[in-house]
Amino acid sequence: MAKWIALIGLVLMYSTANAEAQFPEVQVVEPYIDMRTGPAVGYPIFHVAEKGEWISILKRRTSWFKVRTEKGKEGWVSLDNLRLTVSSAGEPVQIEDGSFSSYQNRDFELGASGGSLEGVPSLSIYGAWVVTENLAAEVSYSQALGDFSENQFGLLSVTHTTFPEWRLSPYFRLGFGQIKTKPRANLVQSGEETRTNDLLVGGIGVRYYLAQNFVVKFEYQNLLALTERDENEELEEWKLGFAVFF
């Protein structure tokens, strides 16, 4: 477990050190294009990029793009407006329709999953903040109810998606948290007590972009409960779930 966590940690640090944001630049060829304060026609126009001006594309939300002008103005332009630009080679910008690009540029993700923790059915919910296309910070809560005890645990972790440009891509997880183990009522009289322990977690999974705003994930987690006994307790969890992003 310790070697596995160390290996994942090295992968994450290497990826972070080598990650560089690439913002493609395009040039306006029409008299101007409108820039809005948000990704929809309901947001007001606050600036225009004039003919001959270069703009950097920062991210995409369905048919809207966040851009930055040479003078540092940031706003949103529509797909139709962005087609009124050319690349550095002087060629018309080719932009694909579809929502996978929106997934690649998402900011937040919410999901739920079901699975098995040491043979006991488990349910989990989570929320994630996507920091870069590779890295995300995630908080989760899980519960597993067995015949003898109930386990509840919360985790704070970092996930690394290896190939964010692939619809089907593996990812790694590294994190920590706490687990609360509560014996069932019929065991309380036997001397078993509720206990809380710190957790370390390492995981590996695969995610697949389905369509629209939906993603499916399959994951394996190895959890190490740091107990006060002579030996720590190691737990394994498998789970399958869905997520939405925005």
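- Residue Gly52 comes nearest to Gln27 through the heavy atom pair O-NE2, 3.1 Å, listed as atom of the first residue, atom of the second, then distance.
- Closest approach of Asn81 to Val77, counting heavy atoms only: CB-CB, 4.4 Å.
- Within the structure, side-chain hydrogen bond (donor to acceptor under 3.5 Å, both in side chains) pairs that include any residue of residues 163-172 comprise Tyr171-Glu219 (at least two apart or interchain).
- Hydrophobic cluster membership differs between Ile125 and Leu145, with clusters built from Ile, Leu, Val, Met, Phe, Trp and Tyr side chains linked at under 4.5 angstrom.
- In this structure, the side chains of Gln178 and Asp198 come closer than 4.5 Å at one or more pairs of heavy atoms.
- Contact annotation: the side chain of Val244 approaches that of Phe214 to within less than 4.5 Å [non-hydrogen atoms, C-beta and beyond].
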Side-chain donor-acceptor distances from residues 151-158 under 3.5 Å, at least two apart:
unit_1: Asn151; atom_1: OD1; unit_2: Thr181; atom_2: OG1; d: 2.8
unit_1: Gln152; atom_1: NE2; unit_2: Glu150; atom_2: OE2; d: 2.8
unit_1: Ser157; atom_1: OG; unit_2: Arg173; atom_2: NH1; d: 2.9

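- Atom CD of Glu118 sits in a crowded spot, with more than 12 heavy atoms from other residues, nucleotides or ligands closer than 6.0 Å.
- For the pair Glu50 and Val28, the minimum side-chain heavy-atom distance is 4.5 Å or more.
- Clustering ILVMFWY residues whenever any of their side-chain heavy atoms sit less than 4.5 angstrom apart, transitively, puts Phe172 in the very cluster that holds Val216.
- Scanning both residues, Ser116 and Ser122, for their nearest heavy atoms gives N-OG, 3.5 Å.
- Rounded to the nearest 0.5 angstrom, Phe65 CZ and Met35 CE are separated by 14.0 Å.
- Using a 4.0 Å cut-off between charged side-chain N and carboxylate O, Lys217 and Glu109 make a salt bridge.
- For the residue pair Glu53 / Tyr32, no side-chain donor-acceptor distance below 3.5 Å is found, with atom types taken as modelled.
- Using a 4.5 Å cut-off on side-chain heavy atoms (C-beta onward), His160 and Leu135 make contact.
- Criterion: ILVMFWY side-chain heavy atoms under 4.5 Å apart, direct or through other members. Under it, Phe46 and Val67 are part of a common hydrophobic cluster.
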Between Asn232 and Leu226, does a side chain to side chain contact (heavy atoms under 4.5 Å, CB included) hold up when you go through it step by step? CA-CA 5 Å; Asn232 295 321; Leu226 307 177; 3.8 Å; yes

Test side chain to side chain contact (heavy atoms under 4.5 Å, CB included) on Glu233 and Ile179 and set out the steps. CA-CA 11 Å; Glu233 186 176 1; Ile179 183 170; over 6 Å; no

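- Rounding to the nearest 0.5 angstrom, the gap separating the CZ atom in Arg207 from the OG1 atom in Thr162 is 9.5 Å.
- Surrounding CH2 of Trp54 are more than 12 heavy atoms belonging to other residues, nucleotides or ligands, all under 6.0 Å away.
- Atom OG1 in Thr161 sits 9.5 Å away from atom CD in Glu133 (nearest 0.5 Å).
- The neighbour count for Phe218 CZ, taken as heavy atoms of other residues, nucleotides or ligands under 6.0 Å away, is above 12.
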Residue pair Lys59, Trp64: steps toward the side chain to side chain contact (heavy atoms under 4.5 Å, CB included) verdict: CA-CA 9 Å; Lys59 63 172 64 177; Trp64 290 84; over 6 Å; no

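- Side-chain contact check for Gln143 versus Leu123: every heavy-atom pair is 4.5 Å or farther apart.
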Checking side chain to side chain contact (heavy atoms under 4.5 Å, CB included) for the pair Ile45/Arg36: CA distance, chi angles, key distance, verdict? CA-CA 4 Å; Ile45 298 171; Arg36 298 179 182 271; 3.6 Å; yes

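- Using a 4.5 Å heavy-atom threshold, the side chains of Phe108 and Trp129 count as touching.
- Taken from CG in Leu199 to CZ in Phe176, the straight-line distance is 11.0 Å, to the nearest 0.5 Å.
- Distance check, rounded to the nearest 0.5 Å: CG of Leu168 to OH of Tyr208 gives 7.5 Å.
- Atom CG in Leu200 sits 9.5 Å away from atom CG in Leu223 (nearest 0.5 Å).
- Using a 4.5 Å cut-off on side-chain heavy atoms (C-beta onward), Ile204 and Asn222 make no contact.
- Closest of all the heavy-atom pairs between Tyr126 and Ala243 is OH-CB, 3.1 Å.
- Transitive grouping of hydrophobic side chains (ILVMFWY, heavy atoms separated by less than 4.5 Å) keeps Tyr43 and Val41 in distinct clusters.
- In this structure, Phe245 and Tyr209 have tilted ring planes: the angle between them lies in the 30° to 60° band.
- Taking 4.5 Å as the limit, some side-chain heavy atom of Ile55 sits within range of a side-chain heavy atom of Thr69.
- Hydrophobic clustering of Ile, Leu, Val, Met, Phe, Trp and Tyr side chains at less than 4.5 Å, counting indirect connections, unites Ile57 with Leu84.
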